[in-house]
Amino acid sequence: MANHNAKPWQHTHQFVRLNTDGERNTRYVLYLTLVTMVAEIVAGTVYGSMALLADGWHMGTHAAAFMITLFAYYYARKYADDPRYAFGTGKVGVLGGFTSAIALGLVALLMVVESVSRLLNPEQIHFNEAIFVALIGLTVNVISAFLLKDHHSHDHHGHNHHHGHQHTHHIDEHEHEHQASKHHHGEGQSKAHDHNLRAAYFHVMADALTSLLAIGALLFAKFLGWQWLDPTMGIVGAVIISFWAWGLVKQTAPILLDASIDEAYLQQMVDAVEQEEQHRVSDIHVWPVSANHHAAMVSIVSPHPKEVEYFRQKLASFKRIDHLTIEVFTLAESHSLAGGTDGHGH
């Protein structure tokens, strides 16, 4: 048997977005957060300030979130070419974003518990000191938010990989023809999403919002005596942060669970194949392999099938598909398309 070279049919499965700017800026924000945290804890201990101590440890929760973000970047980069990951490490950043979103939700829950406790059992507030701490927090978070704003860096690994398999099925024989892969850069890609960086950004924005609400509430409490406003603003802030966390969970969870692409897009792909009456899509799956890339498997059945390349060209305009696998099943002319096949020809 001839020794065939399989190289033309081989292609990479690396769908990972390396956001080097985001990773570098997250590291800067982590350093800034750690320095502020240590300074506030030391000052709080030396001067006996509970406000400084509390904010210092609160900064620690955000530092932990930034560590999750940086670990996700590191892991995705280190194992980007590891064959153990079928489609690369493109979902690691999504997982980092999901994990941080859960942490953000827990922070919001703790804020509600603390705020309700202070509403029921009011504590004496050292207004000048508390406002000073809130201003420090707001300044640090405004700088951090500027650094973490996602500018949607270019995708270094965004390729379209279209791979075809043709299976010819008759009553008494099986023939398999494999069409060569064709690699080309994806055009018309939708705006890139870095959920890992977005989660870190939300942590900073949550802290900034908390500081801003606290400053307003403390000023009203100091000059008008509305001490109930401080814990009330804590609850308001927690509700807003919860919405942010839930929004991030809704964005990341479907990607992690291989949710199908939207129904309208799926139908357009089916319609493109079934323009000719004799061709029918017997099976189609389109799912995310990263935050910004999709894979597709399409099974086509026809009594007079075309080459796989023909169907690949029909689907070439669907730029959201980065890895396309096509299989074509041929039925004998005497067989009806509706009769006795499960679409897999076996």
- Message: The test is side-chain contact (heavy atoms from CB on, under 4.5 Å); show your working for Leu324 and Leu315 and say whether it passes.
- Response: CA-CA 9 Å; Leu324 174 63; Leu315 295 172; 4.0 Å; yes
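- The side-chain hydrogen bond (donor to acceptor under 3.5 Å, both in side chains) search around Tyr79 returns none, not counting sequence neighbours.
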- Run the side-chain contact (heavy atoms from CB on, under 4.5 Å) check on Val94 and Asn196 step by step: do they pass? CA-CA 6 Å; Val94 182; Asn196 198 33; over 6 Å; no
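- Residue pairs meeting the ring pair (Phe, Tyr, Trp, His ring centres under 6.0 Å) criterion with at least one partner in residues 231-251, sequence neighbours excluded, are Phe202-Trp244.
- Listed by chain and residue number, Tyr75 satisfy the ring-ring contact (aromatic ring centres under 6.0 Å, His included) test with Phe71 (two or more places apart in sequence, or in another chain).
- Summarising the geometry, atom NE2 belonging to His203 is positioned 7.0 Å from atom OG1 belonging to Thr69; distances are rounded to the nearest 0.5 Å.
- The side-chain hydrogen bond (donor to acceptor under 3.5 Å, both in side chains) check on Glu274 picks up nothing, with sequence neighbours excluded.
- Using a cut-off of 4.0 Å between Lys/Arg side-chain N and Asp/Glu carboxylate O, Lys149 and Asp21 are scored as not salt-bridged.
- For Asp271, the salt bridge (Lys or Arg N to Asp or Glu O under 4.0 Å) criterion is met by no residue, not counting sequence neighbours.
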Can you give each donor-acceptor pair under 3.5 Å made by side-chain atoms of residues 138-148, sequence neighbours left out, with the distance rounded to 0.1 Å?
from, atom 1, to, atom 2, distance (Å)
Thr139, OG1, Leu135, O, 2.8
Asn141, ND2, Gly137, O, 2.6
Asn141, ND2, Asp207, OD2, 3.4
Ser144, OG, Val140, O, 2.8

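- Taking the side-chain hydrogen bond (donor to acceptor under 3.5 Å, both in side chains) definition, one finds that Glu263 meets it with nothing, sequence neighbours left out.
- With sequence neighbours excluded, no residue forms a ring-ring contact (aromatic ring centres under 6.0 Å, His included) with Tyr31.
- Phe66 pairs by the ring-ring contact (aromatic ring centres under 6.0 Å, His included) definition with nothing, not counting sequence neighbours.
- In this structure, the side chain to side chain contact (heavy atoms under 4.5 Å, CB included) partners of Val107, at least two apart in sequence or on a different chain, are His58, Thr61, Met111.
- For the side-chain hydrogen bond (donor to acceptor under 3.5 Å, both in side chains) test, no residue two or more places apart in sequence or in another chain qualifies with Tyr265.
- Applying the side chain to side chain donor-acceptor pair (under 3.5 Å) definition to pairs two or more places apart or across chains, none involves residues 97-107.
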